[in-house]
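A short write-up of the structure that comes next.
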Amino acid sequence: MSAHESRNWFFETPWHVQAPGLTSTALDLDRVVLLGDPDAGQVRLTVLDTPTERLLHAGVLVAQRVVGGSGEWFVRAPAWGPWLPDGRSGPIASDGDSELPDEVADLVAPFRRRARLGPVVGCTRARARYGLLDESGGILAVLTDDRVTVRRGGIATGRFRESTVDVARLSAQQRAFVAEQMAQIGAVRVDGFKDLFARVGELAPTPAPTGARPADPTTAGFLSWLLARRFHAIIVADLALRSGHDDDPGALAGALRGLRGELDVLRGIADQAWRADQLGRLDVLGAAAPGAVRGMDEYDELLDALELAVRIPRLDENAAERADEALGARLGTELAGLRAGADFAAGHPDDDATWAQALASAERALALVRVGRPVIRKAKRTARLLERIVRTLSEAQGPGPWPEGLAGLTPEQAYRAGRADERAGARASSARAAFAGDWPGLRDDLPKASGGSRPRPGPARVVEALAELGRQG
């Protein structure tokens, strides 16, 4: 490092104190002068969001930074790469106007949807720079005094005074003098300062977790986690289409079908009316051309409902408070229906409708276990067993209905269709007989309890139980 290379000391300084006295005749620190125009150091950073802060809750920060009369627009969303800029990206648009540039609007469209954007958090920095001069007028050091104010909803939530001293040209004695003078006004030396983006980021809400397991054991926590993961999957598919990474809307259609499957098994967990509303919207979207889905009102309304339900889960009033109990009780109901349906089917090998109902019961139970796997007791084992039951019952289904236009077939075509139907019926009869033989064992292997996980007793509880058994002889 050269003698003239910058070496900075950083101080957190009390907001209202006067500037330190940094002159000393004995140390050739002759005077302190203001350098440049203080207005040139003014910086304003404004974070924009919807009235319900959809973007911040999703981990997306949209901000305009104005230095003097020049404005720059930033989008930072490290959790949404590679479709959105990460947390260290530079400006994506330069515009002194307060209107949102098209480049920014396009990036955040699936988060914003049709809501208006307005300022929610603001941060200003007022800067003054002072030179410490020797007797000849040469600059020995530069003190940069920044006053940072953070506001949310127009109310100041934080004030920070950050003082930086470039001490590269100071001798050891002069540095010691500067450190002593700063300490006398209550300044504390630190390793560095947060930038303005970090300051406003501290006021942003924490996005809902989307990890492999819910962190909250309650039913509300589970539902929030599940919907957050589904919301994330839908938005990822949407962003891939908007960015040109993918031109096939199949991934988005698949994400929407996944939501339908989850809502189907959440009967008794999610609020019935809320669930019915979303299923209705999914019906409309499912009937539309895949490429038209993102432009439909039902799509925006569905995302609005999901985003809000992640923050405030809509639970069925009868759902248990703990997720393992709620999902376990739901699984118990589905397994009871499966047992009854399969029992009846095994005793009625010629009743196609009964076998179809048994298959539907098994598929519902399997779907529930897959959705609730993180909280359902022995979910992996139960899923494997149900997969076997579903596979066997699928093989036992009777021939499908005869195709329309049968009267128009030639005799040869009708004969081949009849033979195919006979062969399908024979395969179904064989599979039903095999299932009826296997079913008692499969039935016994199904979970007998509700399926909810129970906390293991701690050592103290075990000792207490053993002592009680001893007292009882």
Side-chain angles (χ1 to χ4, degrees), residues 43-50 52-67 70-96 98-113 115 117-125 148 150 152 158 160 162 191-213 215 224-225 227-248 251-252 255 294 303 306-307 310-311:
V43 178
R44 184 178 74 252
L45 183 69
T46 304
V47 177
L48 288 87
D49 206 338
T50 68
T52 57
E53 298 187 358
R54 294 174 180 173
L55 276 65
L56 289 176
H57 277 280
V60 178
L61 184 144
V62 174
Q64 184 190 38
R65 183 175 65 186
V66 177
V67 182
S70 176
E72 296 176 320
W73 288 89
F74 295 79
V75 175
R76 293 188 173 183
W80 295 97
W83 304 279
L84 295 186
D86 64 22
R88 299 175 300 279
S89 299
I92 62 174
S94 298
D95 189 354
S98 60
E99 291 297 324
L100 194 71
D102 291 341
E103 304 97 301
V104 178
D106 291 343
L107 283 175
V108 302
F111 302 94
R112 173 192 181 186
R113 298 183 287 282
L117 294 184
V120 294
V121 179
C123 186
T124 58
R125 186 195 71 194
V148 178
V150 181
R152 185 174 180 84
F160 310 92
E162 303 168 347
D191 293 333
F193 303 125
K194 300 175 182 178
D195 63 18
L196 299 189
F197 286 97
R199 292 292 187 193
V200 298
E202 292 176 337
L203 299 181
T206 302
T210 56
R213 302 180 67 86
S224 174
W225 167 82
L227 296 179
R229 287 170 64 88
R230 181 53 56 187
F231 179 82
H232 187 274
I234 294 172
I235 295 296
V236 163
D238 187 313
L239 290 172
L241 288 171
R242 292 177 189 270
S243 64
H245 281 72
D246 191 355
D247 57 3
D248 181 5
L252 178 58
R294 289 184 297 129
L303 291 180
L306 278 182
E307 187 268 337
V310 168
R311 286 190 262 168

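Computed from a predicted model, the values in this text were never measured in an experiment. Atoms considered below: every heavy atom in the structure, side chains included; atoms not considered: hydrogens, waters and symmetry mates.
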Next item on the list: Using a 4.5 Å cut-off on heavy atoms from C-beta on, say whether the side chain of Pro85 contacts that of Leu107.
Entry: yes
Item checked: Candidate pair Arg199 and Glu162, rule salt bridge (charged side-chain N to carboxylate O under 4.0 Å, His left out), full reasoning -> CA-CA 13 Å; Arg199 292 292 187 193; Glu162 303 168 347; 2.8 Å; yes
Notebook entry, point to check: For Pro205, which residues count as a side chain to side chain contact (heavy atoms under 4.5 Å, CB included) partner, sequence neighbours excluded?
Noted result: Glu53, Leu56, His57
Check: Distance from Arg54 atom CZ to Leu303 atom CG, nearest 0.5 Å?
Finding: 9.0 Å
Checklist line | Atom pair CG (Leu61) and CZ (Phe74), whose distance is rounded to the nearest 0.5 Å | finding: 10.5 Å
Note to self: For a side chain to side chain contact (heavy atoms under 4.5 Å, CB included) check, start with the C-alpha distance between Thr52 and Arg311, then their side-chain angles and the critical distance, and finish with the verdict.
What the structure shows: CA-CA 11 Å; Thr52 57; Arg311 286 190 262 168; 3.8 Å; yes
Margin query: I'd like to know whether the aromatic ring centres of Phe160 and Phe193 sit less than 6.0 Å apart in this structure.
Written below: no
Item checked: Heavy-atom side-chain contact between His232 and Trp80 under 4.5 Å -> yes
Item checked: Side-chain touch Val47/Pro119, heavy atoms, less than 4.5 angstrom -> no
Note to self: Quick check: closest heavy atoms across Thr210 and Trp225, and the distance to 0.1 Å?
What the structure shows: C-NE1, 4.1 Å
Item checked: Heavy-atom pair of closest approach, residues Val148 and Cys123 -> CG1-SG, 3.6 Å
Check: Can you list the steps and then say if Ile235 with Trp83 is a side chain to side chain contact (heavy atoms under 4.5 Å, CB included)?
Finding: CA-CA 10 Å; Ile235 295 296; Trp83 304 279; over 6 Å; no
Margin query: Evaluate Leu203 against Val150 for side chain to side chain contact (heavy atoms under 4.5 Å, CB included), listing each step before the verdict.
Written below: CA-CA 9 Å; Leu203 299 181; Val150 181; 3.4 Å; yes
Next item on the list: Report the distance from atom CG of Leu239 to atom CG of Asp246, rounding to the nearest 0.5 Å.
Entry: 12.0 Å
Checklist line | For Ala105, all residues meeting side chain to side chain contact (heavy atoms under 4.5 Å, CB included), sequence neighbours excluded | finding: Leu100, Arg112
Checklist line | Pairwise side-chain contact, Asp247 with Leu241, heavy-atom cut-off 4.5 Å (strictly under) | finding: no
Notebook entry, point to check: Is there side-chain contact between Glu307 and Arg113, with heavy atoms separated by less than 4.5 Å?
Noted result: yes
Notebook entry, point to check: Should Val120 and Leu48 count as side-chain neighbours, where that means a heavy-atom distance under 4.5 Å?
Noted result: no
Checklist line | Qualifying residues under side chain to side chain contact (heavy atoms under 4.5 Å, CB included), relative to Arg44, sequence neighbours excluded | finding: Thr46, Val66, Thr124
Item checked: Check ion pair Arg242-Asp238 (N to O, under 4.0 angstrom) -> yes
Checklist line | Nearest atoms (heavy-atom pairs only) where Val310 meets Ala228 | finding: CG2-N, 3.5 Å
Check: So, do Ile234 and Leu306 sit near enough that their side-chain heavy atoms are less than 4.5 Å apart?
Finding: yes
Check: When rounded to the nearest 0.5 angstrom, what distance separates OG1 in Thr50 from CG in Leu55?
Finding: 6.5 Å
Note to self: Measuring only between side-chain heavy atoms, which start at C-beta, is Arg65 closer than 4.5 Å to Leu196?
What the structure shows: no
Check: What's the shortest heavy-atom distance between Pro82 and His245, and which atoms?
Finding: CG-NE2, 4.3 Å
Notebook entry, point to check: Between the side chain of Ser243 and the main-chain N/O of Ala240, is any donor-acceptor distance below 3.5 Å?
Noted result: yes
